[in-house]
Structures are given as C-alpha cells and as structure tokens.
Amino acid sequence: MMGHSHAVSGALLFAGSAPFLPPMLLHTHLAPRDVLMGTVLCAGAALLPDLDHHDGTIAHFLGPVSRLLCRSVAWISGGHRHATHSLFFVALMTVGSWAGITYLGRPFTLGTSFFLLALALRALNLCPPGHGFHAWGTIVGLAGLGTAAIAKFIPSAPGWLPYAIGLGCLAHLLGDSITKQGAPWLWPRKTRYEVVLIKKSGNKLETEILTPLMGAGTIVLLWLTVLAPHPLR
C-alpha cells in the first residue's frame with residue numbers, strides 16, 4: 001500500500017472509532033477538538049511501521065535525520081515488513097508512547113505531535129515533490145506551525161495519544177495484509193498473513209477507488225462525530 005493510502009486509513013479508523021472505543025478502553029469521551037487532533041495524528045502514526053523502509057519516500061520526510069533513523073530501524077528490525085509490521089510493534093508503540101507522556105510529559109507530547117504531523121504531511125504529499133531540502137524543509141516548517149497550533153489545545157499528557165498511535169500502526173498492518181507479501185502479525189514467527197485485494201501497490205483499485213472512498217468516509221465520520229449540529233456521542 002502507498003503511503004497516502006496508509007495515512008488516510010489511519011484517519012478513517014480513528015474518526016470511525018472515536019465515539020465508541022475510547023469510552024470502552026480509556027473510560028473517557030473525546031471532545032471534538034481531541035477527535036480532530038487524534039484523526040490527524042493517527043494518519044501520521046499509520047506510517048510508523050514503514051520506518052523500516054530505508055529507501056521509501058517516508059525515509060526522506062526529515063532529510064538526513066529520517067534517513068539515518070530509517071536505516072537504523074531497518075537494521076534492528078530485520079528489514080522491510082518484518083518486526084515493525086507485527087502486533088509486537090503495535091504494542092511497543094502504544095506502551096512506549098504511554099510511558100513517554102506519563103514520565104516525560106509535555107515535551108514528549110509536543111515532540112511526538114511534530115513527528116507524526118511531519119509523517120502525515122509527507123505521506124499526503126502536502127509538500128513539494130522530491131527528497132531535497134525544498135521538500136523536507138517545507139515539512140519541518142509546516143509541522144512546526146501545526147505543532148504550535150496543537151499546543152494551544154492538547155493537554156500535557158493526553159490519554160488518547162497512545163491509543164491514536166497504536167490504532168495508526170494497526171491500520172498499517174491491515175492495509176499491508178490486503179497486498180501481496182502480507183504482514184507477519186505474530187512476529188517473530190515468520191508466517192505472513194494476507195488476503196490479497198490489491199495485487200500491486202499504487203494500482204487503480206487503490207488510488208482511484210479505495211483511497212478516495214476512505215477519504216470520503218473520514219470526512220463523513222468527522223461530520224457525524226464533530227461538526228454536525230448534534231454529533232454522535
């Protein structure tokens with residue numbers, strides 16, 4: 001699956017689950033602004049498993065810093081679509097982000113928000129094309145502005161942030177599981193699970209049908225949960 005498809009799937013999953021899962025799992029109802037922020041950050045989190053892809057577009061989202069990061073993650077995890085494409089990684093990101101907001105507080109929250117916004121901007125192509133400074137410099141600037149805006153509303157330790165990160169990673173696994181090669185959900189077991197609906201990443205089924213439908217679905221769900229006169233609760 002392409003990066004923009006993963007990002008849109010993360011946004012869709014968060015927007016669709018916001019009225020139901022947080023009350024069950026977190027024992028709290030999300031405010032409209034939390035749903036909006038969570039949808040955007042979950043879109044970025046849906047790219048986290050691909051930090052193991054050192055030659056992918058995502059590897060260049062923060063220039064030399066992200067290239068070094070992706071090469072390191074690829075080396076540690078065993079290459080593309082190995083450890084980072086598993087339930088272990090979903091749990092690691094969820095628990096790790098919970099520990100970060102709990103013990104490090106606001107600096108971790110804002111740093112994570114910046115990182116996820118940068119991922120979303122790159123995946124959704126909201127920056128100049130290419131891998132040079134003109135591209136990643138724009139991402140840094142826009143992510144910085146977005147983080148400054150989020151800082152006015154986000155609490156120091158938002159309980160929904162680890163949920164958004166874990167959900168984004170899960171959305172990525174689901175997306176890769178409908179493509180060839182699937183995903184090793186139960187890593188370190190090598191078995192890959194797949195139900196092939198997209199035979200080639202970037203084909204018309206993905207880019208002209210599936211991704212637009214997910215985007216439209218996200219907008220409808222945000223209307224129903226946040227923007228409507230009587231939103232779902």
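In this chain, residues are counted from 1 in sequence order.
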Peer 1: Classify the angle between the aromatic ring planes of W160 and F14 as parallel (below 30°), tilted (30 to 60°) or perpendicular (above 60°).
Peer 2: perpendicular
Peer 1: Between D52 and R81, does at least one N-O distance fall below 4.0 Å, as a salt bridge requires?
Peer 2: no
Peer 1: How close do L87 and L186 get, heavy atom to heavy atom, and via which atoms?
Peer 2: CD1-CD2, 4.2 Å
Peer 1: Compute the ring centroids of H54 and H80, then answer whether they are less than 6.0 Å apart.
Peer 2: no
Peer 1: Counting only N and O atoms by type, is there a donor-acceptor contact under 3.5 Å from the side chain of S201 to the main-chain atoms of M1?
Peer 2: yes
Peer 1: Can a side-chain donor-acceptor contact be found between E194 and S177 if the only test is distance below 3.5 angstrom?
Peer 2: no
Peer 1: Would one find more than 12 heavy atoms of other residues, nucleotides or ligands at under 6.0 Å from atom CZ of F153?
Peer 2: no
Peer 1: Please determine whether residues M2 and L124 belong to a single hydrophobic cluster, defined as Ile, Leu, Val, Met, Phe, Trp and Tyr linked transitively by side-chain heavy-atom distances below 4.5 Å.
Peer 2: no
Peer 1: Regarding N125 and H4, is there a side-chain donor-to-acceptor distance under 3.5 Å anywhere?
Peer 2: no
Peer 1: Would L210 end up clustered with L197 when hydrophobic side chains under 4.5 Å apart are linked, directly or stepwise?
Peer 2: yes
Peer 1: Quick check, are the ring centers of F61 and F115 under 6.0 angstrom apart?
Peer 2: yes
Peer 1: Indicate if V95 and M93 have the same hydrophobic cluster label, given that clusters are the connected sets of ILVMFWY residues with side-chain heavy-atom separations under 4.5 angstrom.
Peer 2: no
